[in-house]
Amino acid sequence: MSTRISHWIEGRTVAGTSGRTAAVHNPATGAVTGEVDLASTAEVSAAVATAVSAAQQWRSSSLSQRAAVLFAFRQLLHERSDDLARIITAEHGKVHSDALGEIARGLENVEFATGVPQLLKGGFSEQAATGVDVYNIRQPLGVVAGITPFNFPAMVPLWMCANAIACGNAFVLKPSEKDPSSALFLAQLWKEAGLPDGVFTVLHGDKEAVDALLTHPDVAAVSFVGSTPIAQYIYETGTAHGKRVQALGGAKNHALVLPDADLDVAADAIVSAAYGAAGERCMALSVAVAVGEIADPLVEAIALRLPKLVVGNGADAGTDMGPLITREHRDKVASYVDSGEEQGATVVVDGRTADVPADGFFLGTTLLDNVTPDMTCYRDEIFGPVLGVVRVETYEQGLELINGNRYANGTAIFTRDGGAARQFQFDVEVGMVGINVPIPVPVAYYSFGGWKDSLFGDTHMYGPEGINFYTRGKVVTSRWPDPATSSVDLGFPRTR
Ligand code: NAD
């Protein structure tokens with residue numbers, strides 16, 4: 001049965017009127033499970049107008065009122081996380097435990113945002129000049145939009161909306177049209193938590209809706225997470241229309257494995273970070289850079305682990321890896337294995353011939369050895385269950401490879417040597433670094449973001465930088481007359 005998936009405007013579902021929809025699939029079965037409305041420019045304008053008036057009211061709410069809504073939302077999300085995880089698995093395909101993990105990482109951001117009274121405290125300088133005080137306050141922007149990718153349909157919206165709403169903005173979410181139902185679940189929870197109607201809006205859509213948000217004069221800021229070409233487009237179009245934009249792009253995350261690394265720790269970590277969520281994570285490890293003599297044992301250790309991963313429906317207990325998001329994407333990922341083989345890589349484990357369910361968009365795990373930087377499978381972001389191993393002789397060669405890559409989202413070093421790890425942290429030109437930690441996603445009280453082609457704009461997402469992004473500073477310089485000079489006798493001594 002196919003469900004109609006509609007917009008969420010002013011606290012209720014609103015059926016689309018554009019006449020355009022897109023099919024939503026369960027990637028584990030290939031079946032069409034929903035039809036999502038795709039908003040027209042006119043629908044976006046009408047929804048933004050409701051958000052504008054909601055923002056005007058919401059910015060007047062007290063900090064404790066906002067914190068109370070966030071605490072209630074946090075509790076609801078915690079209690080209903082199992083239901084939300086099932087929705088994620090049914091449309092995205094990732095295994096249930098991984099969907100719960102995504103929600104847990106999103107929850108951290110809600111918990112951070114409950115501290116909004118503390119987060120928005122400004123500074124105060126008494127007597128900056130004689131009788132003059134100076135202080136700063138941070139105020140919301142108004143209506144802010146979030147445009148999010150398919151691979152974290154709950155976590156990435158939570159990265160954005162918790163802080164945006166806590167800061168007193170109205171938030172308009174344009175989720176991925178591939179797995180749109182999680183956004184509606186979040187909308188329902190916001191309502192139950194007591195958020196006034198219109199402060200959280202969901203507009204489903206594709207390029208037309210995105211362009212309407214990017215050019216709308218009443219949208220003050222845009223947070224984007226997705227692929228690099230679209231991130232660049234969002235940044236350029238949004239800023240050309242006077243908006244504040246943070247646009248996080250694609251990735252090619254390298255693990256640097258030094259010869260002294262604990263082989264089992266490194267192999268376990270790399271397998272889970274490369275193949276978890278079928279490699280469809282922006283912090284997935286997709287290249288293992290093996291330094292010197294560890295290369296042979298590392299390739300062997302990874303190859304030994306891969307047949308043990310159970311590939312299947314993410315809703316079934318015992319499944320380690322689910323399907324890819326669409327049939328087209330599955331075929332594109334497989335074509336990178338083809339090209340790697342043609343260009344000289346060694347196919348150690350071949351996901352194309354794996355025994356995977358026939359229905360659905362499945363591909364087995366692939367391990368490519370002897371990958372070189374000129375190969376397409378090295379240069380492009382594959383975003384699937386394919387790990388390439390590049391062999392180098394020295395730390396410097398590995399570092400040069402990582403720093404030469406256009407993407408710079410995350411990286412990890414595996415070593416027992418603290419000095420080497422510290423040197424890597426100093427040298428590497430990447431936004432998020434793990435030391436024996438394969439997926440170094442910062443906790444919610446730091447901020448998340450890459451460098452180079454993994455980020456357009458200068459603000460990282462969530463944490464302190466998120467609070468800054470969703471507010472603008474105002475500095476007040478004030479002078480009050482000396483009460484001693486008042487024409488009315490206030491009882492102050494004439495001289496002090
Ligand atoms: P995508 O760029 O295709 O889509 C992201 C969003 O942009 C979606 O909401 C989509 O509807 C919209 N969009 C797509 N094409 C558009 C167009 N031509 N014009 C305007 N809007 C458009 O990304 P995806 O496939 O959903 O997600 C996977 C990508 O996201 C990968 O590249 C991954 O690395 C990246 N990602 C990055 C991070 C990060 O933190 N840097 C996190 C998650 C995902």
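Atoms within a ligand are numbered from 1 in the order they appear, just like the ligands themselves. Worth saying up front: this structure is predicted, and the values here are computed from it rather than measured.
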Quiz item: Strictly by modelled atom types, are T459 and E465 linked by a side-chain donor-acceptor pair under 3.5 Å?
Solution: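 Side chains of T459 and E465: no pair found under 3.5 Å.
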Quiz prompt | Y275 (side chain) donor-acceptor with T366 (main chain) under 3.5 angstrom | solution = yes
Quiz item: Which of these, T21, L184, V202, sits in a side chain to side chain contact (heavy atoms under 4.5 Å, CB included) with I5?
Solution: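 In the set T21, L184, V202, the residue that makes a side chain to side chain contact (heavy atoms under 4.5 Å, CB included) with I5 is L184.
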Exercise. Please say which of Y378, Y407, F414 ends up in a ring-ring contact (aromatic ring centres under 6.0 Å, His included) with H254.
Key: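 Answer after filtering Y378, Y407, F414: Y378.
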Quiz item: Only one of K174, R4, R20 forms a salt bridge (charged side-chain N to carboxylate O under 4.0 Å, His left out) with D37, so which one is it?
Solution: R4
Quiz item: ligand 1: which residues have a non-hydrogen atom closer than 4.0 Å?
Solution: I147, T148, P149, F150, N151, W159, K174, P175, S176, E177, K207, V210, F224, V225, G226, S227, I230, L248, G249, G250, A251, C282, E381, F383, N409, F448
Exercise. Start with the C-alpha distance between E102 and R105, add both sets of side-chain angles, then the distance that settles salt bridge (charged side-chain N to carboxylate O under 4.0 Å, His left out), and finish with yes or no.
Key: CA-CA 5 Å; E102 139 164 26; R105 296 311 305 263; over 6 Å; no
